[in-house]
Amino acid sequence: MQLSKKIAEDIYYVGASDRRLALFENIYPIERGVSYNSYVIKDEKTVVLDTVDHSVSRQFLENVAHVLDGRSLDYLVVNHVEPDHCGVIEELSVRYPGMKIVGNDKTVKFLSQFFSFDVKARAHVVKEGDVLDCGRHKLAFVLAPMVHWPEVMVTFDTSSGILFSADAFGTFGALNGNLFADEYDFDREWLDDARRYYTNIVGKYGVQVLNLLKKASGLEISMICPLHGPIWRKDLGYFMDKYRTWASNEAESEGVLIVYSSIYGNTENAVTYLAMALADRGVRNIHMYDASKTDCSVLLSECFRYGKVVFAAPTYNLELFPKMETLLLDLKAHLWQNRDVALVECGTWALQSGRKMAEILHGCKGITVVNDAVTSILSHAKEDMKAQFDAIADALAK
Ligand code: FEO
């Protein structure tokens with residue numbers, strides 16, 4: 001059955017959720033699934049804003065046909081070409097032969113790379129500030145390059161104040177009947193996944209996200225309709241502030257994050273002492289993760305969340321333990337910066353992991369290592385090392 005829902009005057013949700021997919025982009029675990037959002041405007045002209053992933057195409061096509069109720073489709077606005085939103089464009093073109101594809105130059109270029117049908121023949125090319133007159137609704141296009149791909153744009157309906165924001169303001173997680181963020185306990189149920197989605201997918205492009213936020217601040221926005229996750233119609237400032245914090249590489253939460261790798265428990269023993277020493281100094285909100293047991297996307301998201309981070313890892317094959325190396329390289333690739341860190345290494349002979357961690361983090365801007373020399377554990381930390389960990393705790397507790 002069709003599962004569309006009216007969300008505003010003339011505007012309908014026609015997307016769907018996938019709870020079967022294990023890995024989004026074949027890399028990020030999504031235990032709570034993911035939604036692929038799409039919207040229809042039914043005015044003098046009919047418009048679909050973005051399509052969905054192949055996995056939910058049947059539901060999407062049924063929803064669109066129901067909302068159009070026999071009318072033809074005039075326009076498909078493509079805010080983002082990534083296949084999780086373009087999976088159904090070719091099918092839509094076949095079903096609605098008169099449909100024009102609205103996008104910018106890069107949209108047309110990328111779609112022509114992905115598809116074999118004649119994209120140019122259907123293209124209605126727009127640029128920054130152009131307006132598509134649909135009748136009661138006028139759609140203005142705002143370019144948002146690199147939020148998350150170069151062709152990305154967002155669409156602002158000047159009559160309703162609705163911003164169709166592409167990947168921006170999205171989150172992992174399937175929609176469970178409720179479409180709006182204010183119908184959930186967002187902080188408890190969604191925020192961790194929203195942060196993980198933001199930091200992993202668009203975290204590298206903080207500057208571009210801040211540019212988009214600056215453009216958005218000049219608009220009277222009544223609702224934000226992203227391509228993933230719930231729609232925002234209340235408390236827009238709350239989520240925009242979160243985005244501003246994440247995009248600015250600012251710490252969101254007080255506390256200390258400890259990420260460690262430990263082969264036989266010796267590194268873990270040492271950082272557990274450090275965690276207790278931090279607690280003794282009144283630090284709250286200490287989070288510890290074993291990098292071998294926690295997905296890298298969670299660790300990266302947590303590193304963006306905290307301002308103070310301890311990395312502790314053994315030497316392995318005369319290199320840095322691989323799980324820790326993966327995380328640090330991922331942080332560097334995402335332009336993670338402006339943090340206080342402490343580095344702890346462990347090994348029985350020829351210790352290398354501290355130097356390797358420092359080398360990778362040297363490539364990140366604004367990283368201050370609070371224990372100037374890496375703290376080294378030879379095989380197992382003895383009582384006489386407590387003073388060194390107490391000194392790290394003093395520095396991080398400041
Ligand atoms: Fe949801 Fe960049 O695609």
Side-chain angles (χ1 to χ4, degrees), residues 13-39 48-57 59-60 76-90 92 101-104 106-111 113-115 141-155 163-175 179 181 190 193-213 224-232 239 243 246-247 297 300-301 330 333-335:
Y13 179 87
V14 291
S17 289
D18 183 350
R19 294 178 184 80
R20 288 187 172 195
L21 185 68
L23 297 174
F24 183 78
E25 292 186 359
N26 214 9
I27 184 168
Y28 304 115
I30 43 168
E31 285 185 10
R32 296 174 57 244
V34 67
S35 75
Y36 302 105
N37 301 344
S38 171
Y39 307 92
V48 168
L49 292 113
D50 294 294
T51 72
V52 294
D53 187 78
H54 269 301
S55 59
V56 294
S57 60
Q59 186 65 64
F60 164 75
L76 168 67
V77 173
V78 178
N79 284 313
H80 186 15
V81 174
E82 193 165 7
D84 55 331
H85 308 295
C86 275
V88 196
I89 288 188
E90 195 155 20
L92 216 53
I101 295 175
V102 182
N104 55 67
K106 287 196 178 76
T107 318
V108 176
K109 180 174 184 289
F110 291 173
L111 283 177
Q113 290 172 198
F114 275 107
F115 296 103
F141 303 103
V142 179
L143 300 186
M146 298 320 297
V147 183
H148 151 226
W149 280 19
E151 87 298 350
V152 169
M153 60 184 198
V154 299
T155 300
L163 179 69
F164 298 93
S165 63
D167 272 345
F169 306 110
T171 171
F172 297 132
L175 293 172
L179 294 183
W190 288 85
D193 260 340
R195 184 188 306 106
R196 189 165 66 93
Y197 168 88
Y198 170 83
T199 52
N200 284 276
I201 306 280
V202 276
K204 184 183 177 80
Y205 307 110
V207 171
Q208 291 83 352
V209 170
L210 289 173
N211 283 340
L212 177 60
L213 288 170
I224 297 176
C225 292
L227 288 178
H228 302 287
I231 297 166
W232 289 81
F239 207 33
Y243 258 65
W246 298 333
S297 67
L300 182 132
S301 176
D330 211 21
H334 282 78
L335 303 182

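All ligand and atom numbering here is 1-based and tracks the order in the structure.
Inter-residue side-chain proximity for Thr171 and His228 is flagged as unmet; no heavy-atom pair is nearer than 4.5 Å. Side-chain contact between Leu227 and Glu82 is absent, with no heavy atoms from C-beta onward closer than 4.5 Å.
The atom name of the N/O/S atom in Glu82 closest to atom 2 (Fe) of ligand 1 is OE1. Residue His148 approaches atom 2 (Fe) of ligand 1 most closely through its N/O/S atom ND1.
For Ser55 and Asp18, the side-chain atoms include at least one donor-acceptor pair closer than 3.5 Å.
For a distance bound of 2.8 Å, the N, O or S atoms of His80 include none lying that close to atom 1 (Fe) of ligand 1.
Atom NE2 of His85 is separated from atom CG of Asp167 by 4.5 Å, given to the nearest 0.5 angstrom.
Rounding to 10 degrees, one finds that atom 1 (Fe) of ligand 1 sits at the corner of an angle of 170° between Asp84 OD2 and Asp167 OD1.
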